[in-house]
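In what follows, a structure is listed as structure tokens, so that the remarks can point back to it.
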Protein chains: 2
Amino acid sequence: MENKLELLVETMVSKGLRMTSQRRWIAEVFSDSTGFVLPKQVHHYISERIPGVSYDTVYRNLRLLTDIGILEQFDFAGGVRFKLRCGPDSHHHHFICIKCEQTYPLDYCPMENVETTPEAFRILSHKFEVYGICGRCGTD
Amino acid sequence: MENKLELLVETMVSKGLRMTSQRRWIAEVFSDSTGFVLPKQVHHYISERIPGVSYDTVYRNLRLLTDIGILEQFDFAGGVRFKLRCGPDSHHHHFICIKCEQTYPLDYCPMENVETTPEAFRILSHKFEVYGICGRCGTD
DNA sequence: TTGCTTGCAAACTGTTTGCACGATC
DNA sequence: GATCGTGCAAACAGTTTGCAAGCAA
């Protein structure tokens, strides 16, 4: 996925970020993965390329990339995870494999069918995720 | 909600738990609330009744009550939260007010409309939550 | 009395902050 | 060269653990 990485890097630069090697490797982590990644995994990946990277650099950049809309943060039981933000044009949800943690798009949005809301409840957002075992992991 | 508290206490005893004052107050927290509660809030509530309760007692019991199916654990951005488990017979989801954190039942289950799954994906569970501002908080 | 529960203290994990040095533009 | 980014160390919050003493059954 060369193009995906380049696109990410360009986006970061266009947002005014300086392109450091740390940030380039972070971009590579997410351009290679369609799943949810732990900060710990990001740090592990980068420290193999840049021995001595610090945890706070990883955290700072994950937060930064989330703030500028490149990443998306999810709160799971095992800790916070990050994932490349899907295009804003394509609203959808995900099937999530609880083994390999890869995600698969789910085009259906349940809000289409939510008609009655509690008295004067103003809807702001929603979360819909389906968990299971994907085909690749199910054959183990 | 006298009955709700008594029912909770009975359930705990029937599961073989000893009824300590700490546990009774924890039961009261959840029989009074339909919302999601932080461990910190539970501890605060109890320490007003039992000065000096320890955090680990709160945590131990919240985990215990979750294990035996009395409570349910949710992972939110602000930390883990607990909530009385809704009856196993009544599967439903929730509207959640992001201000007061009260919950309102949402009877519709989106799984009814999920027909196509990824190749060989075995569905195990799902999460569906609608966030917003409830009527009481919206008038501020 | 027996064994489950608690409180204490300490450890631990994940995350954040201040500061001086180093790198990018 | 000015500014942004990094590494370090330390602080911090939430959570978990081992152990001795306390309490419910």
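Source: prediction; values computed, not measured. Just so we're on the same page: letters track the sequence lines, and every chain starts at 1.
Considering all non-hydrogen atoms of both residues, R81(A) and F36(A) come closest at NH1-O, 3.3 Å.
Side-chain atoms of Y45(A) and E28(A) include a donor-acceptor pair closer than 3.5 Å. One side chain, H93(B) or H126(B), offers a donor N or O that lies under 3.5 Å from an acceptor on the other.
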* Structure fact -> Expected string for nucleotides 8-14 of chain C under the B/S/- scheme (protein heavy atoms, under 4.0 Å, primed atoms plus P, OP1, OP2 as sugar-phosphate) is BB----S
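No more than 12 heavy atoms of other residues, nucleotides or ligands sit less than 6.0 Å from atom CD of E119(B).
dA13(D) atom C1' lies 19 Å from atom CZ of F76(B), rounded to whole Å. The separation between I50(B) atom CD1 and dG22(D) atom P is 17 Å, rounded to whole Å. In this structure, CD1 of I68(B) is placed 15 Å from P of dC4(C), rounded to the nearest angstrom. Remark: C1' of dT6(D) and CG of L62(A) are 15 Å apart, rounded to the nearest angstrom. In this structure, L65(A) places its CG atom 13 Å from C1' of dG5(D), rounding to the nearest Å.
For DNA chain D, the neighbouring residues in residues 8-29 of chain B, judged by any heavy atom under 4.0 Å, are R18(B), M19(B).
Taking the six-membered ring where the residue is Trp, H92(A) and H94(A) present perpendicular rings, their angle passing 60° and hence far from 30°.
For residues 54-80 of chain B, the pairs satisfying salt bridge (Lys or Arg N to Asp or Glu O under 4.0 Å) are D56(B)-R60(B), with sequence neighbours left out.
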* To do: Apply side chain to side chain contact (heavy atoms under 4.5 Å, CB included) to H43(A) and T57(A), showing your working.
  => CA-CA 9 Å; H43(A) 181 260; T57(A) 295; over 6 Å; no
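Here the side chains of F82(B) and F30(B) are in contact, with some heavy-atom distance below 4.5 Å.
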